[in-house]
Amino acid sequence: MSQSNLILMIVLTAAVTYGLRISFIVAAGRYDLPPVVQKILTYAPPAVLFALITPAIIIRNGSADLSLGNARIIAGLIAIVIAWTTRNLFLTIILGMSVLWGLNYLGF
Amino acid sequence: MNKESRDEFMLGFKKLMPVLPAAIPFGMLMGVVAVDIGFWPSTAVLNSALVYAGTAQLAAMQLIGDGAGLPIIVLTVLVVNLRMMMYSAALAERFKNLNLRWKLLMCHVLTDQAYAFTWARYEEEPDLPLDRMKWYYMGSAAPLGVIWIISTSLGAWFGTRIPASWELDFAVPLMLIAMVVPNIRSLASLTAAVVSGFLSIAAADMPLNLGLVVAAVIGMLAGYFEEIWFHSDPAQRGEQT
């Protein structure tokens, strides 16, 4: 992406985010989402983020790689277990990267 | 700013303090990753200053790396940040008598933490006057923004260019895992994550990264139906990512 496109992206994503932040505080209580929609949206974080995380781990060079040769699968699964048990942001990142580097070093 | 306001600001700041040490390396990594995928250091910092939402910024980084177009990126940021609208709704009644300038300023630094701390303060002291409350809010919100910008700058300018063999792009999904996985506390949100993750691979070949949208929407619906069909306890959820 070119630098001007990146700047356009910053402006647009910032506007959207700020719009959500000011939505009710500035335009107090003039509209509301239907409760069903609100309920469905509570699942937005796990759904959206896993739709980003999974391909970043599994898709290598344009196609799905589920073989043992894809070190990211093992590193990613270990990171998920660490995140789940420790809830520690840095341990998750550091151990996840270390496992990836270790497996690469061992020739996976 | 009188003494009472200053005390209130400090009270909020003290509440925020334990969060700050984690924000520094996170912000630095954000700066490093941004420069790695093509931001100038200055635009990387602009991103942190204007968007100021870690998870959404990371999601955007991942999509830029994938070669996605602007509409998908903006839509993803919108959905990831929808919870801000819920916080805004929850605080609107409390803040309605503030003047517009205060409201605009406070909204820019509205985060998961600022919302949680402010809400807790009101639970503690429901009759706290607004002109003290606004300083408490600022104390618990603004310093994190300052730290976020400084740490992104450090990463963007001083994170040396890292060789491709280090596979630094893998740090982005790892950070996303670290943000979202601890908040998966019900079978329904696990269902949303698994269904969406599976479909994101199955639909990976759709044009314009539309597979992401399809996977996320069906994942959300799967979570919702799991909840209403199998009565998993909604009170256990409380996700915030």
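What's counted below: heavy atoms across the whole structure, side chains too, no hydrogens, waters or symmetry copies. So that the names make sense, note that chain A is the first sequence line, chain B the second, and so on, each numbered from 1.
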Could you look at [X] and say if it's the side chain, the backbone, both or neither that has a heavy atom under 4.5 Å from chain B?
{"X": "A:Ile80", "answer": "both"}
{"X": "A:Ile93", "answer": "both"}
{"X": "A:Trp84", "answer": "both"}
{"X": "A:Ala64", "answer": "side chain"}
{"X": "A:Met97", "answer": "both"}

For a 4.5 angstrom cut-off between non-hydrogen side-chain atoms, does [X] reach [Y]?
{"X": "A:Ile40", "Y": "B:Glu227", "value": "no"}
{"X": "B:Ile177", "Y": "A:Ile57", "value": "yes"}
{"X": "A:Phe50", "Y": "B:Val180", "value": "yes"}
{"X": "B:Leu75", "Y": "A:Val16", "value": "no"}
{"X": "B:Cys107", "Y": "A:Tyr18", "value": "yes"}
{"X": "A:Phe24", "Y": "B:Met84", "value": "no"}

Measuring heavy-atom distances to chain A, does [X] have an atom under 4.5 Å in its side chain, in its backbone, in both, or in neither?
{"X": "B:Leu190", "value": "neither"}
{"X": "B:Ala171", "value": "both"}
{"X": "B:Phe225", "value": "neither"}
{"X": "B:Ala114", "value": "neither"}
{"X": "B:Ala49", "value": "neither"}

Once you round to the nearest 0.5 Å, how far does [atom1] of [X] lie from [atom2] of [Y]?
{"X": "B:Ser196", "Y": "A:Ile53", "atom1": "OG", "atom2": "CD1", "value": "9.0 Å"}
{"X": "B:Gln62", "Y": "A:Leu49", "atom1": "CD", "atom2": "CG", "value": "10.5 Å"}
{"X": "A:Ile10", "Y": "B:Asn47", "atom1": "CD1", "atom2": "CG", "value": "4.5 Å"}
{"X": "A:Thr13", "Y": "B:Leu63", "atom1": "OG1", "atom2": "CG", "value": "11.0 Å"}
{"X": "B:Leu174", "Y": "A:Leu100", "atom1": "CG", "atom2": "CG", "value": "8.0 Å"}

Which atoms form the tightest heavy-atom contact between [X] and [Y], and what is the distance?
{"X": "B:Phe170", "Y": "A:Gly96", "answer": "CE2-O, 4.1 Å"}
{"X": "A:Leu89", "Y": "B:Ala178", "answer": "CD1-CB, 3.4 Å"}
{"X": "B:Leu82", "Y": "A:Leu41", "answer": "CD1-CD2, 3.5 Å"}
{"X": "A:Pro46", "Y": "B:Ala192", "answer": "CG-CB, 4.3 Å"}
{"X": "B:Trp166", "Y": "A:Trp101", "answer": "O-NE1, 2.8 Å"}

Could you tell me which of [options] has the largest number of non-hydrogen atom pairs under 4.5 Å with chain A?
{"options": "B:Leu104, B:Val213, B:Val195", "result": "B:Leu104"}
{"options": "B:Ala215, B:Pro173, B:Gly197", "result": "B:Gly197"}
{"options": "B:Asp205, B:Val77, B:Leu110, B:Leu199", "result": "B:Leu110"}
{"options": "B:Val172, B:Leu91, B:Ile64, B:Val214", "result": "B:Ile64"}
{"options": "B:Val51, B:Leu29, B:Val79, B:Leu50", "result": "B:Val51"}
{"options": "B:Leu212, B:Leu100, B:Ile37, B:Leu98", "result": "B:Leu212"}

After noting the C-alpha distance and the side-chain angles of A:Leu52 and B:Thr76, does the key distance pass the side-chain contact (heavy atoms from CB on, under 4.5 Å) rule?
CA-CA 10 Å; A:Leu52 287 165; B:Thr76 303; 4.3 Å; yes
Treating A:Arg87 as the side-chain partner and B:Pro182 as the backbone partner, does any N or O pair qualify as donor plus acceptor under 3.5 Å?
yes
Polar side-chain atom of B:Ser88 near backbone of A:Ile25 as donor-acceptor pair, under 3.5 Å:
yes
Contacts of type salt bridge (charged side-chain N to carboxylate O under 4.0 Å, His left out), residue A:Arg72, not counting sequence neighbours
B:Glu167, B:Asp169
For the interface with chain B, which of A:Ser2, A:Gly62, A:Ala44 has the highest count of heavy-atom pairs at distances below 4.5 Å?
A:Ala44
Just grab all the side chain to side chain donor-acceptor pair (under 3.5 Å) pairs involving residues 50-63 of chain A, residues at least two apart or on different chains.
none
A:Tyr43 and B:Glu226: side-chain donor and acceptor closer than 3.5 Å?
no
Interface residues of residues 217-224 of chain B facing chain A - heavy atom cut-off under 4.5 Å:
B:Gly219, B:Met220, B:Leu221, B:Gly223, B:Tyr224
Mind checking side chain to side chain donor-acceptor pair (under 3.5 Å) for B:Thr43 and listing every partner two or more places apart, or none if nothing turns up?
A:Gln3
A:Met9/B:Phe39 under side-chain contact (heavy atoms from CB on, under 4.5 Å): CA gap, chis, key distance, verdict
CA-CA 11 Å; A:Met9 183 220 77; B:Phe39 282 81; 4.2 Å; yes
How about B:Tyr122: does its OH atom have over 12 heavy atoms from other parts shown lying under 6.0 Å from it?
yes
If you apply the rule side-chain contact (heavy atoms from CB on, under 4.5 Å), what do you find for A:Leu6 with B:Trp40, and how did you get there?
CA-CA 9 Å; A:Leu6 288 176; B:Trp40 291 338; over 6 Å; no
